[in-house]
Structures are given as structure tokens and as C-alpha cells.
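Encoded as C-alpha cells, the structure appears first; notes follow it.
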Amino acid sequence: MTTYQDAVAVEATIAERAWGEAFGRAMRAVAGCFARREARATAAELVAGLLLEVDTRNCWTLAQVLGHRARTGCSTCSRAPGSTMSGPGRRSPAS
């Protein structure tokens, strides 16, 4: 590696660490909204997936990018009580 490549690698590592710490603080701030650890983890994955650079953001593509075998993990939040998200088998709030 050249000195420039080393500098870029160090900068990327620092930026990734800073982003991870900021994301962790944000998720801890909303952790009280989720009673179960699994729900908190799913919410964190969903938010991280929404921040990814993908062409289409829906349960199918998010689940695929996040490495889930099925879309059910990512669609859990959309089935939460009081959710305004619609999808197959769901009525929109206006219905």
C-alpha cells in the first residue's frame, strides 16, 4: 500500500467507527419503544437497510440486502399496531 492508500484506509475506518457510534446512540434513544430485544434488533436492521444505497426499498429488497432468507423480519414493523404502512393483505389507512 502507498501512503495515500494508508491514509484513505485510516480515514474510512474512522468514519465508519464514528457512524457506528452515532447510529448506536440513535438506536439507544428509541430502544424504549421496543419491549423485546428481537424487536429492537429488527428495527435497527430496518433503519440500517433504509439508509443503504439500493434502487428500490421494500421488504423484499431490504431482506435480501440484509441477508434474511425471507422478508418476514423486515415486514414485522409494517404490521405493528398503529402502523400506517400498507402492503399485500393490508388495507391502507384511507380504506
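Computed over heavy atoms, backbone and side chain alike; hydrogens, waters and symmetry mates excluded.
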Spacing of Leu52 atom CG and Leu66 atom CG [to the nearest 0.5 Å]: 6.5 Å
Report yes or no: do Val8 and Trp19 belong to one cluster of Ile/Leu/Val/Met/Phe/Trp/Tyr joined by side chain heavy-atom distances under 4.5 Å? no
Please report the closest heavy-atom contact between [X] and [Y], naming both atoms and the distance.
{"X": "Glu21", "Y": "Arg28", "value": "O-NH2, 4.4 Å"}
{"X": "Thr56", "Y": "Thr61", "value": "O-OG1, 2.6 Å"}
{"X": "Arg40", "Y": "Met27", "value": "O-CE, 4.5 Å"}

Does any part of the side chain of Phe34, heavy atoms only, come nearer than 4.5 Å to the side chain of Thr42, both counted from C-beta? no
